[in-house]
Engineer: 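Have a look at the structure that comes next, please.
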Amino acid sequence: MTHTATKPSRTRIARILIVDDHPIVRDGLIAALSRKPELEVCGEAATIVDALALVDSQQPDLAIIDLSLSDGSGLDLIKRIKTRNASIKMLVLSMSDESLYAERALRAGALGFLHKQEAREKLLNAIRQVLAGKIFVSETINNRLLQQVMVGRQPLQQSPITALSDRELEIFELIGQGLGSSEIAQRLHLGIKTIETHRQRIKGKLDLKNSLELVRHATQWVLENR
């Protein structure tokens, strides 16, 4: 009786796209992930435009995305990737405040949020969970999400900033970085009137009396959250 030898099954290699506008960060991620035989970096991008081109050409399994990109918001990129290819998993890796951005990232279509100050092993754990289709956030955010489910999605706001929409928050941050309405309009490919409308809404939600207060408040917020 003859026996046919069976080849050991090979673990499928997950293809990773890295999107971050800091070359040093991208290099560090590539170095860390290249040590894992089950992971392969298939591309890197610094902008939304380049990231979307790589999404189309490389069809990655996972995109690791920073929220602050040179040509726009990572939240916008997440939404566009989700529309383009819903099968691509996304993990946010950012210096931004998790308490303010994690839920926004999940609503946009990401499955995880990790702060850049976390250890490498935590990043690898986050990657594995997100690739498996599981949500990865800190215990604090996880508890908050569970609490929201228990109280019927009642907003649990820590500050008035959480009342801002994703677009308003993006504009608020750009104001805090010193950009004027025309610069913001050019950056976001929007009309100046649209930016001015958003500025008025931001002032109303944050109870700010004028543009000077808005700039001062936004600048202070950026300094505290960088």
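Basis for what follows: all heavy atoms, side chains included, without hydrogens, waters or symmetry-related copies.
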Engineer: With a sphere of 6.0 Å drawn around CD of Glu40, does it hold more than 12 non-hydrogen atoms of other residues, nucleotides or ligands?
Structural biologist: yes
Engineer: Checking Arg216 now: which residues fulfil salt bridge (charged side-chain N to carboxylate O under 4.0 Å, His left out) with it, not counting sequence neighbours?
Structural biologist: none
Engineer: Is there side-chain contact between Leu169 and Arg104, with at least one heavy-atom pair below 4.5 Å?
Structural biologist: yes
Engineer: Apply side chain to side chain contact (heavy atoms under 4.5 Å, CB included) to the pair His198 and Arg201, showing each step before the final yes or no.
Structural biologist: CA-CA 5 Å; His198 282 302; Arg201 288 174 180 164; 4.1 Å; yes
Engineer: Taking C-beta and beyond as the side chain, do Leu214 and Phe172 meet within less than 4.5 Å on heavy atoms?
Structural biologist: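 Of all side-chain heavy-atom pairs linking Phe172 with Leu214, at least one is under 4.5 Å.
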Engineer: So, does His115 use its side chain to make a donor-acceptor pair with the main chain of Gln117 at under 3.5 Å?
Structural biologist: yes
Engineer: Which residues pass the salt bridge (charged side-chain N to carboxylate O under 4.0 Å, His left out) test with Lys122, not counting sequence neighbours?
Structural biologist: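 Residues passing salt bridge (charged side-chain N to carboxylate O under 4.0 Å, His left out) with Lys122: Glu118.
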Engineer: Closest heavy-atom contact between Ala105 and Val92?
Structural biologist: CB-CG2, 3.8 Å
Engineer: Has Arg187 got a side-chain atom pairing as donor or acceptor with Ser70's backbone, closer than 3.5 angstrom?
Structural biologist: yes
Engineer: Taking only residues at least two apart or on different chains, which pairs with a member in residues 58-67 satisfy side chain to side chain donor-acceptor pair (under 3.5 Å)?
Structural biologist: Arg12-Asp61, Arg15-Gln58, Gln59-Asn85, Asp66-Ser94, Asp66-Lys116
Engineer: Hey, mind stepping through Leu124 and Glu121 against side chain to side chain contact (heavy atoms under 4.5 Å, CB included) and telling me if it holds?
Structural biologist: CA-CA 5 Å; Leu124 293 171; Glu121 283 307 312; 3.7 Å; yes
Engineer: For a 4.5 angstrom cut-off between non-hydrogen side-chain atoms, does Pro60 reach Ile88?
Structural biologist: yes
Engineer: Test Arg167 against Glu170 for salt bridge (charged side-chain N to carboxylate O under 4.0 Å, His left out), laying out the working first.
Structural biologist: CA-CA 5 Å; Arg167 180 65 85 187; Glu170 183 179 12; 2.9 Å; yes
Engineer: I need the Thr47 OG1 to Asp20 CG distance, nearest 0.5 Å.
Structural biologist: 12.0 Å
Engineer: Taking atom OG1 of Thr197 and atom CD1 of Ile192, what is their separation to the nearest 0.5 Å?
Structural biologist: 12.0 Å
Engineer: Quick one: do Arg128 and Glu38 make a salt bridge, cutoff under 4.0 Å?
Structural biologist: yes
Engineer: Indicate the atoms forming the closest heavy-atom contact of Leu75 with Ala108, along with that distance.
Structural biologist: O-CB, 4.0 Å
Engineer: Rounded at 0.5 Å granularity, tell me how far CD in Gln177 sits from OG1 in Thr219.
Structural biologist: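 If we round to the nearest 0.5 Å, Gln177:CD and Thr219:OG1 are 10.0 Å apart.
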Engineer: How about Lys134 and Leu111: do any of their side-chain heavy atoms sit closer than 4.5 Å?
Structural biologist: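 When only atoms from C-beta onward are counted, Leu111 and Lys134 do not touch, as no gap falls below 4.5 Å.
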Engineer: Shared ILVMFWY cluster between Val130 and Ile30, side chains joined below 4.5 angstrom?
Structural biologist: yes
Engineer: What heavy-atom pair brings Leu206 and His217 nearest, and what distance separates the two atoms?
Structural biologist: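 Distance-wise, the nearest heavy atoms are CD1-CD2, 3.9 Å.
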Engineer: Please collect all salt bridge (Lys or Arg N to Asp or Glu O under 4.0 Å) contacts where either partner lies in residues 73-99, sequence neighbours excluded, each pair once.
Structural biologist: Asp56-Arg84, Asp76-Arg80, Lys79-Asp166
Engineer: So which atom in Ser165 and which in Lys205 form the shortest heavy-atom distance, rounded to 0.1 Å?
Structural biologist: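 So the minimum-distance heavy-atom pair works out to N-NZ, 4.0 Å.
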Engineer: Nearest 0.5 Å please: distance from the CG atom of Asp71 over to the CG atom of Asp50.
Structural biologist: 8.0 Å
Engineer: Please name the pair of heavy atoms, one in Phe113 and one in Leu91, separated by the smallest distance, quoted to 0.1 Å.
Structural biologist: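 Of all heavy-atom pairs spanning Phe113 and Leu91, the closest is N-CD1, 3.8 Å.
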Engineer: Between Leu114 and Ile64, is there a side-chain heavy-atom distance shorter than 4.5 Å?
Structural biologist: no
Engineer: Do the non-hydrogen side-chain atoms of Ile16 and Leu29 ever get within less than 4.5 Å of each other?
Structural biologist: no
Engineer: Can you sort out the partners of Arg26 under salt bridge (charged side-chain N to carboxylate O under 4.0 Å, His left out), two or more places apart, ordered by chain and number?
Structural biologist: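 Testing Arg26 for salt bridge (charged side-chain N to carboxylate O under 4.0 Å, His left out), a comparison that skips the adjacent residues, returns Glu44.
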Engineer: Test side chain to side chain contact (heavy atoms under 4.5 Å, CB included) on Val25 and Ile18 and set out the steps.
Structural biologist: CA-CA 10 Å; Val25 173; Ile18 297 170; over 6 Å; no
Engineer: So Leu188 and Ile171, do their side chains get closer than 4.5 Å, heavy atoms only?
Structural biologist: yes
Engineer: Treating Glu183 as the side-chain partner and Gly180 as the backbone partner, does any N or O pair qualify as donor plus acceptor under 3.5 Å?
Structural biologist: yes
Engineer: Counting C-beta onward and ignoring hydrogens, is there a side-chain heavy-atom pair between Thr162 and Glu103 closer than 4.5 Å?
Structural biologist: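 Sidechains of Glu103 and Thr162: no contact.
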Engineer: Over all heavy atoms of both residues, which pair between Ala102 and Ile141 is shortest? Give the atoms and the distance, please.
Structural biologist: CB-CG2, 4.0 Å
Engineer: Measuring from Tyr101:OH to Ser73:OG, what's the distance to the nearest 0.5 Å?
Structural biologist: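 The OG atom of Ser73 is 7.0 Å from OH of Tyr101, to the nearest 0.5 Å.
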Engineer: Residues two or more places apart in sequence or in another chain: which of them pass salt bridge (charged side-chain N to carboxylate O under 4.0 Å, His left out) with Asp207?
Structural biologist: none
Engineer: Output the distance between atom CG (Leu17) and atom CD1 (Ile81), rounded to the nearest 0.5 Å.
Structural biologist: 6.5 Å
